[in-house]
Amino acid sequence: MFGIEFVPNEPAPKVGYLGKLAEDVGFDSIWITDHYNNRDVYSTLAILALLTTKASLGTGVTNPFTRNPAITASSIASINELSGGRAILGLGPGDKATFDAMGIEMDKPLTRVKDAVFAIRALLQRERLEAAGFHGAQLAFSPGTIPIYMGAQGPKMLELAGAVADGVLINASHPEDFRYALPLIQAGARNAGRQAKDVSVCAYTSFSADKDSARAVKEAKKVVAFIVAGSPATVLERHGIKMEEADQIGKAISKGDFGTAMGAVTLPMIEAFSVAGVPESCRSRIDELLQTGVNQVIVGSPIGPEKEQAIKLIGKKILKQ
Ligand code: F42
């Protein structure tokens, strides 16, 4: 199973065009990110619902802080209706940096995500909701069944995903991160009396494919710089990256000096935080990920130096292997 992620930083018809292309070359799912400063996730999914016919369509990921769970239930139910039952709700705690800019406090993210999963599931069953701060909210239409996938990285969030979600979207590209995450998801599932196989594990990768390895790596650096700067110390340690190296990149980014930030991205950082290179090397990394127990690989930003070409190349040389 293969998915692809688009950041809606271009008008929805352009993302719709690329999404349709992705479906045509063999991608099974299309995920749209949710940040207030980009185009709206549901408008983009609506265009995709009309332009595609087979692919699952997901928020990748929305959160319970910027959107009330009842609004989220109605929005994803509308996408499910428009797409003939192809919607998936991707839900995570959200991006703290954008919350700070909006003046929203990220209070008790674990609890908020857990409550939202239960609330949205109940609303999607057309139940009248009287828990978690709701006073009788109820949808006025029948949306059908919609899987809920959780975006998670931290140990508690991963266990929660194992306990309550239909799938988990893990923002990582290296097998080591999945060897860390899988036992936590499995423990969460076990403790909740579920089977680990009921939770689909998705590698939400940073991906860059091109016929020219150096071009692919150069494009990946733009995204990897941000990942390194935003990674907790435990994750950097897992990949043998020094805190000082990450700090240097973080400082350059905060000054807006992206040239210096990209210049400080090393090959070990590319290895740790992206799947980048010619199709053959990307495919062998995908195989390593699948061997850890990953069920679905999602090709995420930047996809490649030139998106349209990269999607065609990935379809021909990676998906069909
Ligand atoms: N974020 C976005 O805003 N938009 C996106 O489009 C997006 C896409 C995306 C895709 C995949 C993915 O994995 C993540 C994605 N994210 C996106 C980021 C996501 O929203 C999260 O920011 C990211 O996954 C990091 O979350 P995390 O799993 O590391 O969770 C954080 C909040 C954390 O600290 N988790 C701790 C843990 O161990 O898991 C738990 C913290 C905790 O226990 N908190 C307590 C509680 O009740 O919540 C309270 C603690 C206290 O006392 O306050």
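Order of appearance sets the numbers: ligands from 1, and atoms from 1 within every ligand. Residue numbers run from 1 in the order of the sequence given.
When each of L45, T44, T72 is checked for a side-chain contact (heavy atoms from CB on, under 4.5 Å) with T59, only L45 meets the rule.
The aromatic rings of H239 and F273 sit perpendicular, their planes meeting at an angle over 60°, well past the 30° parallel limit.
E23 and K20 are joined by a salt bridge, as a carboxylate oxygen and a charged side-chain nitrogen come within less than 4.0 angstrom of each other. Salt-bridge annotation for R179 and E176: present, with a side-chain N of the basic residue lying under 4.0 Å from a carboxylate O of the acidic one. K251 and D247 are not joined by a salt bridge, as no carboxylate oxygen comes within less than 4.0 angstrom of a charged side-chain nitrogen.
Looking at heavy atoms from C-beta onward, V113 lies in side-chain contact with P64 at the 4.5 angstrom threshold.
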Contact table, ligand 1 N/O with protein N/O, distance under 3.5 Å:
from	atom 1	to	atom 2	distance (Å)
ligand 1	3 (O)	D95	N	2.9
ligand 1	4 (N)	D34	O	2.9
ligand 1	4 (N)	H35	NE2	3.2
ligand 1	4 (N)	V61	O	3.4
ligand 1	6 (O)	D34	N	2.9
ligand 1	6 (O)	G60	O	3.2
ligand 1	6 (O)	V61	N	3.1
ligand 1	6 (O)	V61	O	3.3
ligand 1	13 (O)	Q153	OE1	2.9
ligand 1	13 (O)	L169	O	2.8
ligand 1	13 (O)	N171	N	3.2
ligand 1	20 (O)	G94	N	2.7
ligand 1	20 (O)	G94	O	3.3
ligand 1	22 (O)	G94	O	2.6
ligand 1	24 (O)	Q153	NE2	2.8
ligand 1	28 (O)	Q153	N	2.8
ligand 1	28 (O)	G154	N	3.0
ligand 1	29 (O)	G154	N	3.2
ligand 1	38 (O)	P155	N	3.4
ligand 1	38 (O)	K156	N	3.0
ligand 1	39 (O)	G154	O	3.3
ligand 1	39 (O)	K156	N	3.1
ligand 1	39 (O)	M157	N	2.8
ligand 1	47 (O)	T111	OG1	2.8
ligand 1	48 (O)	K108	O	3.4
ligand 1	48 (O)	P109	N	2.9
ligand 1	48 (O)	L110	N	2.4

